[in-house]
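Report on the structure given below.
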Amino acid sequence: MTKNEKTLIYVAEPSKILCKMICNELEKLGFLVEAFTEGFSLLRKIVRESPSLIIASKELEQINGVELCNIIKNGSPKQGIPFILITTDDKIQDFWNDTSLVSKALSVSGQNIEALIQSVQDLLNCKYIAADTFFESDEDNYSKKELSPDEQISSWILNSMSKSEFFLTMSKNVIGLYNDVRDLDTLVGNLFRILYRACDYDIITLILDAQNARVYKTGIEFFNQDTIDEFWNICKTEYEQQARKNHTVKYEEKKFIQIVNPVDDLSFYFLPKTGPDKKLESYRAYTIKNGNEFVGTLHLASCRKKIFNYKVQSSIDFILPSLANILQESVSHSILVDKEYKIRTAFSKFVPKQVINDLLISDGSKELNNNNEKRNVVILMSDIRSFTSISEINRPEDVVNFLNNYFTHMVDIVKKYGGTVDKFIGDAIMVLFGAPISYNDNAKRAVSAALEMYAQLESIPCDQLKFPDGMKLDIGIGIHYGDVIVGQIGSADKTNYTVIGDAVNLASRLEGLTKLYGAKIIVSGAVSDELDESMNLLLLDSVKVKGKKESVFIYRVDEKPLPKDFSDAYEKGFKAYNEGAFNLAVPYFEKAVELIPNNKAAKLMLERCNEFLINKPENWDGAIALTSK
């Protein structure tokens, strides 16, 4: 830097020794230096004369360095003067320094004055100029009015206080937006009100970055379509340049009409400033970033010229960092809400509301895994009896309409008991109890659901269907409890949350056995072991279903208990039969048939005992091997 005696520097430092040292070093470089020991004298001098740079200590009396800086920067027309704040403390940075507009803050002692001198040279070399005044410049007013230095200082202080109060109010308003962070629409509406109070715009658009950009507008109702289209094209171009996406942007638009209710707030009622054919004369765009993350763009326009003065721009710039965080959090929450809604809509057709709640709002107490895992699950298989015969004599559209109605009734019951519909297989339904949400009483829930499914058959309208002679709507239900693999199963392109395992096959076989044994519902021994005495169970048989070598005890479940005489006779007959004493079993089964002649299971067991008396099976272990499904 060339030495220049006209370069005037003011130094305000209460320590005479340190002040003298600083002044000497500056004078060596050819600067004209004037020293002060307290802040008020310096401020009075600045009213009359503008230095090229100010150095002031935090420890000044009357008006300290931080206060002095804020008055000059926030309240005077001389905020372009570089300002260096110094202290003899080891720590120079604190809240008040950070929130002031100092050009440089330094800890200075007799041993490190060189750093201060270097900062002075740097600031003067780069011709440091601060932003324009927050308020409209008072330079002309000062030239027109004869104000004393004290009157001018008072004016500066009032201006500084006014600006600080304004920013404080803006900060409070923005902080208040946190109350609306879980409702993006409400948050944006309140933000538009805050901005309207700050700059009195005519039209505003906020574009928030998301998979589909969220667009919020207000004021467009006061302009013709050409003006609206022109404004939107400018906004869209600005957003897409900032977003830098490699794909076509899709927009979701939300319009606010009359964002301020005149009944609630007459003083800020949003009114058109001009007629509908008036053009926009002022425009500003602001990029909203949370750190390095792009949040969106804000666009304001007015029919008046030059409304975006420093006051407006600095106030919006002031709130943008906090605003970016609030908006980003609100957009993220809005996206989660949208996803949750879609999940609820999709799964509500198959899964009870409580299961969906447990999936979406899990506290970790319930087991929730997307990875494939081995788990004990109750599988319920339901099938309509002789549905092929029914379909053959009905129109396809009537069959489909009936099935939709039938499935609706059945799924509602399944959801009621906490089950999950895994899939529909033609007219069959596969239901899970224990996945994705498991309960302590999965088996009881499944059996209770099965009983209600059967009980509801009579309430399902079948008027549109024709039935073969002597036939009515009937179903069979098989239930088994066993290990399966649970998870997302399928190809790379398509997967389903389902279960795979031998337990599924056994549940299907049990459903098929309902026809053979004339039972509405058949459950395995594994299910029976989980039920209490409130369920009406009857041990039917021990079977080896097709494809299985191991035997399974099967039980009949009824809503009401069978006659006790019948149950006693059947149970004693089966005990003898299971032990291979077929001759002892015959009288009991005969009694059971006598008590209930149309009971298929009793008749079947009686026929089997009579056959085994003639052709005794080899290696009898009490279980009959079934050769059909």
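We use all heavy atoms of the structure for the numbers below, so side chains are in, but hydrogens, waters and symmetry mates are not.
Between T287 and L320 the shortest heavy-atom distance is O-CD1, 4.1 Å.
Residues passing the salt bridge (Lys or Arg N to Asp or Glu O under 4.0 Å) test with R214, sequence neighbours excluded: E252, D338. For Q464, there are no side chain to side chain donor-acceptor pair (under 3.5 Å) partners, not counting sequence neighbours. Applying the side chain to side chain donor-acceptor pair (under 3.5 Å) test to E397 and every residue at least two apart in sequence or in another chain returns R395. Legend: residues meeting side chain to side chain donor-acceptor pair (under 3.5 Å) with K544, ordered by chain and number and at least two apart, are D621.
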Subject >> side chain to side chain donor-acceptor pair (under 3.5 Å) assessment of D427 paired with Y406 >> reply: CA-CA 9 Å; D427 60 300; Y406 164 76; over 6 Å; no
Original post:
Can D422 and T498 be said to form a side chain to side chain donor-acceptor pair (under 3.5 Å), step by step?
Top reply: CA-CA 6 Å; D422 180 278; T498 188; 2.7 Å; yes
Subject >> Trace of the side chain to side chain donor-acceptor pair (under 3.5 Å) decision for N442 with R445 >> reply: CA-CA 5 Å; N442 289 321; R445 287 170 178 266; 5.3 Å; no
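Under 4.0 Å is where a charged nitrogen must lie from a carboxylate oxygen, and between R556 and D558 at least one such pair does. Under 4.0 Å is where a charged nitrogen must lie from a carboxylate oxygen, and between K575 and E579 at least one such pair does.
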Output side-chain donor-acceptor pairs under 3.5 Å for residues 446-459, partner residues at least two apart or in another chain, one line each.
residue	atom	partner	partner atom	Å
S448	OG	K444	O	2.8
E452	OE1	K416	NZ	3.2
E452	OE1	Y417	OH	2.6
E452	OE2	K416	NZ	3.2
Y454	OH	D474	OD1	2.4
Q456	OE1	S459	OG	3.0
S459	OG	Q456	O	2.7

Cut-off 3.5 Å, no hydrogens considered: what does the side-chain donor-acceptor table look like for residues 512-519, sequence neighbours left out?
residue	atom	partner	partner atom	Å
T514	OG1	R385	NH2	2.1
T514	OG1	E511	O	2.6
Y517	OH	D541	OD2	2.5

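Atom CG of residue L187 and atom CZ of residue R182 lie 13.0 Å apart, to the nearest 0.5 angstrom. One finds the OG atom of S524 at 12.0 Å from the CZ atom of F553 (value rounded to the nearest 0.5 Å). Between L531 atom CG and N536 atom CG the span is 11.0 Å, to the nearest 0.5 Å.
Relative orientation of the Y577 and F589 rings is perpendicular, given thresholds of 30° and 60° on the angle between their planes.
Between W620 and F582, the gap from one ring centroid to the other is short of 6.0 Å. Taking the six-membered ring for Trp, F566 and Y588 have ring centres at least 6.0 Å apart. Ring to ring, F433 and Y439 are not that close: their centroids are 6.0 angstrom or more apart.
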